[in-house]
Undergrad: 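Encoded as structure tokens, here's the structure I'll be asking about.
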Amino acid sequence: MKRRIVAAMLAGVMALGMLAGCGGSGKSDSDGGSSDKKSSDANIAVFYYTYSDTYIASVRTALDAKLDEMGVEYQDYDGNSNQTTQNEQIDTAIQTGATALIVNIVTSGSVDASSQIVEKAEAAGIPVIFFNRAVEDDKTEGDVLGSYDKCAFVGTDAPEAGHMQGEMIGNYVVEHFDEMDLNGDGKISYAMFMGQLGNAEAIYRTQFAVEDADKIITEAGKPALEYFDASNSDKYQVDQDGNWSATAANNYMTTNLSQYNEGSNNMIELVICNNDGMAEGAVSALNDKGYNLGTGKDGKMIPVFGVDATDAAKQLIGDGKMTATVKQDADGMAACIADLAKNAVGGKDLMDGTDSYNISDKVSNKIFIPYQEYSGK
């Protein structure tokens, strides 16, 4: 059970942590009966790039529950999408006795940012477990994770979601081509909402969702997808704040629909989103224009695809307002992180007993949690 930390010597530090954007804390008196280092001696600091990300919020809920089960003291921190803030939070956690770091890095794919965190952990002699957001790019893969023996990563194989989404989209378009072609021009016009520039997951989802879909569509004798705005050479609209937010997608889609609509005979006929938050925003904008109102209701359905399989997205799919998504397993990710945290608490190698997980062929301390298709069927 969680309880407030009341030790007088920590009160001032916690106040500073709150100013830096930290979240709640938890602790249990149980040591789990282990012969290793007592769980109650552990002080795990968990850093999230932002609490506002719906998927990350689900990971946080699941991981908090796992850490509660372990009977360890832990502190959650909200980076609020600011790497400087997160770095300061990590410094504070180390200075106040953190025995392990669990980090959802703000600046995804930045070797500089992740290297600095590893250096801090190594100097303190404590393990660091990165998760969800890439710590390296393809060219530097293994450089950061191989630089410290008490370091590991739990995430996903970034291209996998894009490939899976592309296959779902391609098959759907082939099956529903005529009903999707609202202006009868023999082509399907799509919008793409990208989560964050430079983010590996966003890059691969943006690329392969279209490339793989086009391969299936053209092999079926249909024309490839066509981006709705010919003047946009990027062929995507990005959340400028890097938050993958429903608000960003809603704003873009609302503006798009003011110009690209059935009245103008150039309606957007397919919406592809890098995550379910942005898909929710797109669906909301479509609802406002009388589309995607749900099963059995008047109005046309513009297919909307996302990634994450959040509870909200699954509800939209069940209601017939959204088409499909790719499940990013929040519970599975939290469980894997917790397994590594148990090793850290017990003084074991972080990768001890992880043979059942999908481990990268290239980097021995990098674990991938598989994606799954989700269409509610």
Undergrad: Does one side chain, of Tyr371 or Thr156, offer a donor that lies under 3.5 Å from an acceptor on the other?
TA: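 Their side chains do contain a donor-acceptor pair, which is all the 3.5 Å distance test asks for.
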Undergrad: In this structure, would Tyr204 and Val210 fall into the same cluster of hydrophobic residues linked by side-chain contacts under 4.5 Å?
TA: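 Unlinked, Tyr204 and Val210 end up in two clusters.
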Undergrad: Examine the side chains of Gln86 and Gln83 and answer whether a donor and an acceptor come within less than 3.5 Å of each other.
TA: yes
Undergrad: Report the distance from atom SG of Cys273 to atom CE of Met192, rounding to the nearest 0.5 Å.
TA: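 Between Cys273 SG and Met192 CE, I get 8.5 Å after rounding to 0.5 Å.
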Undergrad: Quick one: do the Asn80 and Thr85 side chains pair a donor with an acceptor below 3.5 Å?
TA: no
Undergrad: Nearest 0.5 angstrom please: Ile169 CD1 to Phe208 CZ, how far?
TA: 13.5 Å
Undergrad: Any ion pair linking Lys300 and Glu262 (charged N to carboxylate O, less than 4.0 Å)?
TA: yes
Undergrad: Does atom NZ of Lys120 have more than 12 heavy-atom neighbours, drawn from other residues, nucleotides or ligands, at distances under 6.0 Å?
TA: yes
Undergrad: Under 3.5 Å, is there a donor-acceptor pair linking the side chains of Gln315 and Asp319?
TA: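 Note: Gln315 and Asp319 side chains meet the donor-acceptor criterion.
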Undergrad: Both conditions, 6.0 Å and 45 degrees, for the charged tip of Lys222 above the ring of Phe177: are they met here?
TA: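 Judged by the rule (NZ or CZ under 6.0 Å from the ring centre, within 45° of its axis), Lys222 counts as positioned above Phe177.
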Undergrad: Strictly by modelled atom types, are Gln165 and Asp212 linked by a side-chain donor-acceptor pair under 3.5 Å?
TA: no
Undergrad: With a 3.5 Å cut-off and no angle check, do the side chains of Ser52 and Thr50 form a donor-acceptor pair?
TA: yes
Undergrad: CG/Leu286 to NZ/Lys289 distance, rounded to the nearest 0.5 angstrom?
TA: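 One gets 10.5 Å once the value is rounded to the nearest 0.5 Å.
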Undergrad: Would you confirm whether Thr96, through its side chain, and Ala93, through its main-chain N or O, come within 3.5 Å as a donor-acceptor pair?
TA: yes
Undergrad: Would you please classify the geometry between the Tyr252 ring and the Phe193 ring as parallel, tilted or perpendicular, with 30° and 60° separating the classes?
TA: parallel
